[in-house]
Amino acid sequence: MNAIYRWIVFIFLALITVLMVNKGIDLWSLGTNVDGDGIGVHFLGLEINDRVPEANIPSYAIGFFVASFITLLIALTLVGKTFLKVKGNMK
């Protein structure tokens, strides 16, 4: 994969990571303090679940944190490969 494409994918994955962490923090801060039976969870305009019970909101927040950690690891792996290739070419 070309280095430029790796940087583009890195920026995209970093953006997704930040958005997932933000959604996780929103859900975590909301906790179980909701009106009615539950809430709807949406991410990037897509409906994940339209009725999440109060008790399951923290598990959705943890799910967003785990998914953001995975995308961060993938992004850092791509950048690490790019740096290793650049470093190898300098010899």
Measure the [atom1]-[atom2] distance between [X] and [Y] for me, rounded to the nearest 0.5 Å.
X	Y	atom1	atom2	value
Asn56	Ile62	CG	CD1	11.0 Å
Leu13	Arg6	CG	CZ	13.0 Å
Ile4	Ile8	CD1	CD1	7.0 Å
Ile16	Leu72	CD1	CG	13.0 Å
Asn49	Ile57	CG	CD1	10.5 Å
Ile11	Leu78	CD1	CG	12.0 Å

- request: Decide if atom CZ of Phe43 counts as having more than 12 heavy atoms of other residues, nucleotides or ligands within a radius under 6.0 Å.
  value: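 Yes, enclosed.
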query: Which pair of non-hydrogen atoms, one from Ala67 and one from Met20, has the smallest distance, and what is that distance?
result: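 Looks like CB-SD, 3.4 Å.
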query: Looking at Val21 and Phe65, what are the two nearest heavy atoms and their distance?
result: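 Smallest heavy-atom distance, with atoms named: O-CE2, 3.8 Å.
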message: Run the side chain to side chain contact (heavy atoms under 4.5 Å, CB included) test against Leu73 and tell me which residues pass, sequence neighbours left out.
response: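 Side chain to side chain contact (heavy atoms under 4.5 Å, CB included) list for Leu73, sorted by chain: Phe69.
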Would you list the atom pairs, donor with acceptor, under 3.5 Å between side chains in residues 23-31 and any protein atom, with sequence neighbours excluded?
unit_1: Lys23; atom_1: NZ; unit_2: His42; atom_2: O; d: 3.0
unit_1: Ser29; atom_1: OG; unit_2: Ile25; atom_2: O; d: 3.1
unit_1: Ser29; atom_1: OG; unit_2: Asp26; atom_2: O; d: 3.0

message: Tell me whether Tyr60 shares a hydrophobic cluster with Leu44, the cluster being built from Ile, Leu, Val, Met, Phe, Trp, Tyr side chains joined at under 4.5 Å.
response: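 The answer is yes; both residues are in one hydrophobic cluster.
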message: Using the rule that Ile, Leu, Val, Met, Phe, Trp and Tyr join whenever any side-chain heavy atoms are under 4.5 Å apart, tell me whether Phe64 and Val18 fall into a single cluster.
response: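 They do not share one cluster, since no chain of ILVMFWY contacts under 4.5 Å joins Phe64 to Val18.
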query: Just checking, is any N or O donor in the side chain of Thr71 or Thr17 under 3.5 Å from an acceptor N or O on the other one?
result: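 Checked: Thr71/Thr17 side chains pair up, N/O donor to acceptor below 3.5 Å.
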